[in-house]
Amino acid sequence: MKATDLKAFRTTLEHLRSRLQGDVSTMADEALRKTRSEASGDLSTMPLHMADLGTDAYEQEFTLTLMASEEETLELIDQALERIRTKKFGSCLECGGVITKKRLSALPYAQHCIRCAEKLETGMGRPIQPR
């Protein structure tokens, strides 16, 4: 892959990482704010109905699930940036083949070519263990 292409992908990944880090931080602050206000006994933010309690619990669980998902994506981004540094970016971790620019443009932290990704998603391939 050309140096100019690698630079563009590195910039894209760094911007995406920065945005996701901000999202995760905001969600963590929101989850902690609710927990702190409940622990302090702040009744102005406490729900007055049992259904509200369930909604609050659901929203907190949903936020935590989103945070976990975005943290996984951040890890994939960091791995992609490491592959750029080691000049392995754009190579499938499964077969060693080329990951197309079209795929990397859509998913810049892709670890697998389309063929291997499809095999892994359908359970026909062996799962890749993180390095």
Side-chain angles (χ1 to χ4, degrees):
M1 189 173 294
K2 296 178 187 176
T4 55
D5 292 333
L6 288 175
K7 183 178 180 181
F9 282 119
R10 180 176 36 251
T11 300
T12 299
L13 287 162
E14 288 170 347
H15 287 321
L16 185 56
R17 180 176 60 184
S18 177
R19 184 178 59 84
L20 287 177
Q21 285 173 332
D23 290 349
V24 168
S25 177
T26 300
M27 285 188 275
D29 289 346
E30 179 64 23
L32 287 173
R33 184 186 60 77
K34 282 188 177 191
T35 303
R36 283 188 199 127
S37 65
E38 290 169 4
S40 69
D42 183 5
L43 296 178
S44 64
T45 61
M46 291 296 289
L48 299 175
H49 192 274
M50 289 299 290
D52 292 335
L53 288 172
T55 299
D56 286 350
Y58 172 80
E59 286 177 0
Q60 187 170 25
E61 182 67 27
F62 185 75
T63 299
L64 294 173
T65 301
L66 280 176
M67 283 175 55
S69 175
E70 291 198 356
E71 286 171 347
E72 289 174 16
T73 302
L74 284 167
E75 179 62 30
L76 292 173
I77 290 169
D78 287 339
Q79 291 171 7
L81 289 168
E82 179 61 23
R83 288 193 303 277
I84 288 174
R85 282 188 285 280
T86 59
K87 302 194 185 326
K88 296 178 183 176
F89 184 78
S91 296
C92 177
L93 296 181
E94 184 71 17
C95 70
V98 173
I99 302 173
T100 64
K101 283 185 191 178
K102 186 176 181 180
R103 177 162 170 75
L104 289 170
S105 293
L107 192 67
Y109 47 86
Q111 298 178 320
H112 305 99
C113 65
I114 291 286
R115 184 174 295 142
C116 289
E118 287 173 347
K119 285 180 187 177
L120 291 168
E121 287 176 9
T122 60
M124 296 179 66
R126 61 179 174 75
I128 299 288
Q129 296 299 319
R131 297 175 190 214

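Residue numbers count from 1 along this sequence. The shown structure was predicted, so the numbers you read here are calculated from the model rather than taken from an experiment.
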Nearest heavy atoms of [X] and [Y], plus distance in Å:
X	Y	result
A110	R103	CB-NE, 3.9 Å
L104	G90	CD1-CA, 3.9 Å
C92	C113	SG-N, 3.4 Å

How far does [atom1] of [X] sit from [atom2] of [Y], to the nearest 0.5 angstrom?
X	Y	atom1	atom2	value
Y109	R17	OH	CZ	14.0 Å
H112	K119	NE2	NZ	11.5 Å
K88	T86	NZ	OG1	5.0 Å
K87	M1	NZ	CE	12.5 Å
I99	E94	CD1	CD	11.5 Å
I77	E72	CD1	CD	12.0 Å

Sidechain-backbone polar pair: T11 side chain, K7 backbone, donor-acceptor under 3.5 Å |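 Yes, because the side chain of T11 sits within donor-acceptor range (under 3.5 Å) of the backbone of K7.
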Would you say S69's side chain and T65's backbone share a donor-acceptor pair under 3.5 angstrom?
->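 No; zero donor-acceptor contacts below 3.5 Å.
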Counting only heavy atoms not in R115, do more than 12 sit closer than 6.0 Å to its CZ atom?
->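 No, not enclosed.
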Would you say L76 and Q79 make side-chain contact, with heavy atoms under 4.5 Å?
->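 Yes, their side chains come closer than 4.5 Å.
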Contact check, side chains of I84 and L13, non-hydrogen atoms, under 4.5 Å =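 Contact flag for I84/L13 side chains = yes.
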Connected via hydrophobic side-chain network under 4.5 Å: L107 and V98 |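 Result: no, two separate clusters.
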